[in-house]
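Here is the structure we will look at, set down as structure tokens.
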Amino acid sequence: MAEEQPTLAEKARAAIRHGQLPSRAPNRRFGGRGNGATCPVCGEVVTPIQAEIEIEFNRHGPEPGLDRYHLHARCFTTWEAERRKIPGSET
């Protein structure tokens with residue numbers, strides 16, 4: 001019997017739960033071609049022939065800075081839908 005693969009929504013929820021992606025809305029987002037980074041939702045590389053959404057989050061506190069994530073367009077859409085289901089998440 002084949003092992004069931006997690007759905008993209010399950011992967012997005014896991015990425016949030018394990019701290020690989022924030023549950024809040026990004027400060028900025030950009031679209032374009034993939035740059036070869038690994039998508040934190042599906043774990044696959046976003047290749048230059050694929051659409052990519054880059055999201056940025058301002059980091060405050062003892063180590064201020066900017067956190068950037070590169071996602072496939074479909075993974076971004078799924079993450080956005082899943083994070084909005086979390087009570088208290090920013091829209």
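All values below were derived from every heavy atom in this structure, side-chain atoms included, with hydrogens, water molecules and symmetry-related copies excluded.
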> About how many Å separate SG of Cys75 and CG of Leu8, when rounded to the nearest 0.5 Å?
Replying inline: 4.5 Å
>> Please enumerate all residues that pass side-chain hydrogen bond (donor to acceptor under 3.5 Å, both in side chains) together with Thr38, with sequence neighbours excluded.
In response: none
Indicate every side-chain donor-acceptor pair of residues 13-21 with a distance under 3.5 Å to a residue at least two apart or in another chain.
from, atom 1, to, atom 2, distance (Å)
Arg13, NH1, Glu82, OE1, 2.8

> Quick one: side-chain contact (heavy atoms from CB on, under 4.5 Å) partners of Thr47, sequence neighbours excluded?
Replying inline: Val45, Ile49, Gln50
> Same cluster or not: are Trp79 and Ile86 linked, directly or through other Ile, Leu, Val, Met, Phe, Trp or Tyr residues, by side-chain heavy atoms under 4.5 angstrom apart?
Replying inline: yes
> Which atoms form the tightest heavy-atom contact between Pro6 and Lys11, and what is the distance?
Replying inline: O-CE, 3.8 Å
> Do Val41 and Tyr69 share a hydrophobic cluster (ILVMFWY, side-chain heavy atoms under 4.5 Å, transitive)?
Replying inline: yes
>> I need the Leu71 CG to Thr78 OG1 distance, nearest 0.5 Å.
In response: 9.5 Å
Under 3.5 Å, sequence neighbours excluded: what are the donor-acceptor pairs made by side chains of residues 52-64?
from, atom 1, to, atom 2, distance (Å)
Glu52, OE1, Asn35, N, 3.2
Glu52, OE1, His70, ND1, 3.4
Glu52, OE2, His70, ND1, 3.1
Glu54, OE2, Arg68, NE, 3.3
Glu56, OE1, Arg28, NE, 2.8
Glu56, OE1, Arg28, NH2, 3.3
Glu56, OE2, Arg68, NE, 2.8
Asn58, OD1, Arg28, NH2, 3.1
Arg59, NE, Asp67, OD1, 3.1
Arg59, NE, Asp67, OD2, 3.2
Arg59, NH1, Glu63, O, 2.5
Arg59, NH2, Asp67, OD1, 3.0

> Residues in side-chain hydrogen bond (donor to acceptor under 3.5 Å, both in side chains) with Glu44, at least two apart?
Replying inline: none
>> Among residues at least two apart in sequence or on other chains, which ones pass side-chain contact (heavy atoms from CB on, under 4.5 Å) with Pro48?
In response: none
